[in-house]
Number of protein chains: 2
Amino acid sequence: MWHDNGPVPTKKKPPVTAAPARRRELLDTAAEVFAEQGYNATTVRKIADHAGMLAGSLYYHFDSKESMLEEILRTFLDELWGGYDTVLDAEFGPRETLEALVTESFREIDRHRAAVAIYQKESKQLVAQERFAFLAESQRKFEKAWLSTLERGVAAKVFRADLDVRLTYRFVRDTVWVAASWYRPGGQHSAEEIARQYLSMVLDGIAVRT
Amino acid sequence: MWHDNGPVPTKKKPPVTAAPARRRELLDTAAEVFAEQGYNATTVRKIADHAGMLAGSLYYHFDSKESMLEEILRTFLDELWGGYDTVLDAEFGPRETLEALVTESFREIDRHRAAVAIYQKESKQLVAQERFAFLAESQRKFEKAWLSTLERGVAAKVFRADLDVRLTYRFVRDTVWVAASWYRPGGQHSAEEIARQYLSMVLDGIAVRT
DNA sequence: TAACCTACCAAACACTTGTTAGGGAAGGAC
DNA sequence: GTCCTTCCCTAACAAGTGTTTGGTAGGTTA
C-alpha cells in the first residue's frame, strides 16, 4: 500500500516543463534521422551518434524513444494549427481560403520539413495507439477545414459543380504533404513559388484553354 | 582448400525458378502485412502468423525477409512497365499519353495496391542498397517518360507554356502513387473513375472558367 | 515395400533492440 | 573549501530480431 507523501523525489528530474535549448537540439537531430531512415528503422544509438553522445545519455532528456516522436509531432501540429486557424478565422472567400491554406502548408513544410515527412510516413500506423490520438483529432479538423472550403466554393460557383469534393480533398491533401519528401529549403524554388505553381495547376489546370 | 566437385547438392532446394502457387500466396500475404505495418516494423513471425505457419517455415520458400520484399517489388514493377510501355509505344499525342499513363497507373494501384504502398513508403530508403538498384532504374525511366510527355505537350501548345515541368511532374507522380494509401478495390470509385476525376482536375482545374 | 520429395514444425542460435542503474566530471552557489 | 545540479558515460539487462539446423508427417514415385 502506498501513501501520498506529496511530491516525492521519485527518480531523476527530467526537465519536462521548461524546455532547455539542448532538448530542442536533440529533438531536431532526432527528427532528421526519423525522417531520413523511418521511425522503426532508427535506433536510439543512431540518434545518439548524430548528437555526438551515447544511447543511454538520451534518457536523461527523454524517457523513451516514443516520447521523442510524440513531442516532435506535437510541436509541429501546434504550429501548423496556429497558421491554419489564422487563415480560417480571417473568413476569406473559398478561393482565397484555398490559396492561403496551400501557401501556409508549403510554408510549414519549409519550417518543419523533417516533422512533416515523419507525419506523412508514420501517422497512419500511429493513430491506432491511444498515445497518438491527437493525430486523429488533427486529421478530423484538417478534413473539415478543407471539405467545407471546397463545398463553399462549389456553392458559390467559384469551383466547378461536377467536383467530387472528397476525391479532390484527398488529391490536394496528399500532393501538398508529400512534397516534404523532395522539398529542400534553400533549393531552386521557395515555398511561395511552389505554392503558386501548384495552385495554378489545381485551379486552372495545365491544359491550354481553347 | 576446396575443390570444384561440380554441382554439389549444397543444401535444400528452394524452388527459385518455377514459382509454385504457394509461393505466390505467401508473397501476397507478406505484401499485405508490409503495406499495413511497414517493412521494418513487420517481423517474419507476423508474416508467418498471417499465413498460418511458423516463422522458420518461411525459409523453406524464401531465403530471407529481404528477398521477399525484393520479389514483391520486382513483380510489381515488371507488370507496371508492361502497361506503361504499351502506352508509350502507341505514340499518342501528349494529352492522350498523359491520360493513358494516369489511367494505367490507377489500374496498377487497383491490381497491386499493397506493392504500390510498399514501393511508395520504402523505395526512398531502399534505392541506396545495391540489391534494390532496379528501383533507381525504374525511377529514371519513369521520370523520363513523364517529363518528355509534358515537354511534348508544351511544345505542341496543348499544355500551358508557363509550366514548370519538373514541378508538375513531381506533383502528378506523388498524387497518383499516394492514392494507394487510401484506395480500396471494390470501394465507391473504380480506378477508371478516379483517373477521370483526377485528370479533369489536373488538365482543366477546379476553378469555374470565367 | 522402400526411397524420396514437399512443406512444415520445434528449438535453438547470435545479434540488435530500447531501456536502466550507478557513477563521475564540470561548474556554479554558498 | 563543500554541496548541488547538470549532463553525460559505462555497463549491463531482458525482450525481440532474422535465421539455421535437424526432424517428421504425408503424399508420390519406383
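Keep in mind that what you see is a predicted model, and the values were worked out from it rather than measured. Below, read A as the first sequence line, B as the second, and so on, with proteins coming before strands; counting in each chain starts at 1.
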Q. Rounded to the nearest Å, what distance is computed from the CZ atom of residue B:Phe62 to the P atom of nucleotide C:dA7?
A. 12 Å
(Q) Counting only side-chain nitrogens and oxygens, does A:Tyr59 get under 4.0 Å of the OP1 or OP2 atom of C:dT19? (A) yes
Q: Calculate the interatomic distance between B:Leu58 atom CG and D:dG18 atom P; express it in whole Å.
A: 10 Å
Q: Could you tell me whether the phosphate oxygens of D:dT6, OP1 or OP2, come under 4.0 Å of any side-chain nitrogen or oxygen in A:Arg22?
A: no
Q. Taking CG from B:Asn40 and C1' from C:dT17, how many angstroms apart are they, rounded to a whole number?
A. 13 Å
Q. Is B:Arg45 side chain donor-acceptor paired with the D:dG16 base, going by distance under 3.5 Å alone?
A. no
Q) Over how many whole Å does the gap from A:Leu54 atom CG to C:dA21 atom C1' extend? A) 15 Å
Q: With heavy atoms under 4.0 Å as the rule, sort B:Ser57 into base, sugar-phosphate or nothing.
A: base
Q) Between C:dG18 atom P and A:Glu70 atom CD, what is the distance in whole Å? A) 17 Å
Q) For A:His61, does its backbone N or O pair with a side-chain atom of A:Arg23 as donor and acceptor, under 3.5 Å? A) yes
Q | A:Thr103 vs A:Leu199 side-chain heavy atoms within contact, under 4.5 Å | A | yes
Q.
So that I can tick it off, tell me whether B:Glu192 and B:Arg107 are bridged by a salt bridge, with the cut-off set at under 4.0 angstrom between side-chain N and carboxylate O.
A. yes
Q. Would one find a side-chain N or O of B:His61 under 4.0 angstrom from OP1 or OP2 of C:dC8?
A. yes
Q: Indicate, with a heavy-atom threshold strictly under 4.0 Å, whether B:Ser67 touches base, sugar-phosphate, or nothing.
A: nothing
Q. Given atom CE of A:Met53 and atom C1' of C:dA25, what is their separation to the nearest angstrom?
A. 15 Å
**Q.** Separation of atom CG in A:Asp63 from atom P in C:dA21, rounded to whole Å
**A.** 13 Å
**Q.** Interatomic distance where NZ belongs to A:Lys65 and P belongs to C:dT19 [whole Å]
**A.** 8 Å
Q) Within the pair A:Tyr60 and D:dC8, is there a side-chain N or O less than 4.0 Å away from OP1 or OP2? A) no
Q.
On DNA chain C, does the nearest nucleotide to A:Gly56 precede the nearest nucleotide to A:Ala41 from the 5' side, or the other way round? Give the residue.
A. A:Ala41
Q | Salt-bridge criterion met for B:Arg24 and B:Glu71 (N-O under 4.0 Å) | A | no
Q) Taking NZ, NE, NH1 and NH2 as the nitrogens, is one of them in B:Arg140 or B:Glu137 under 4.0 Å from a carboxylate oxygen of the other? A) no
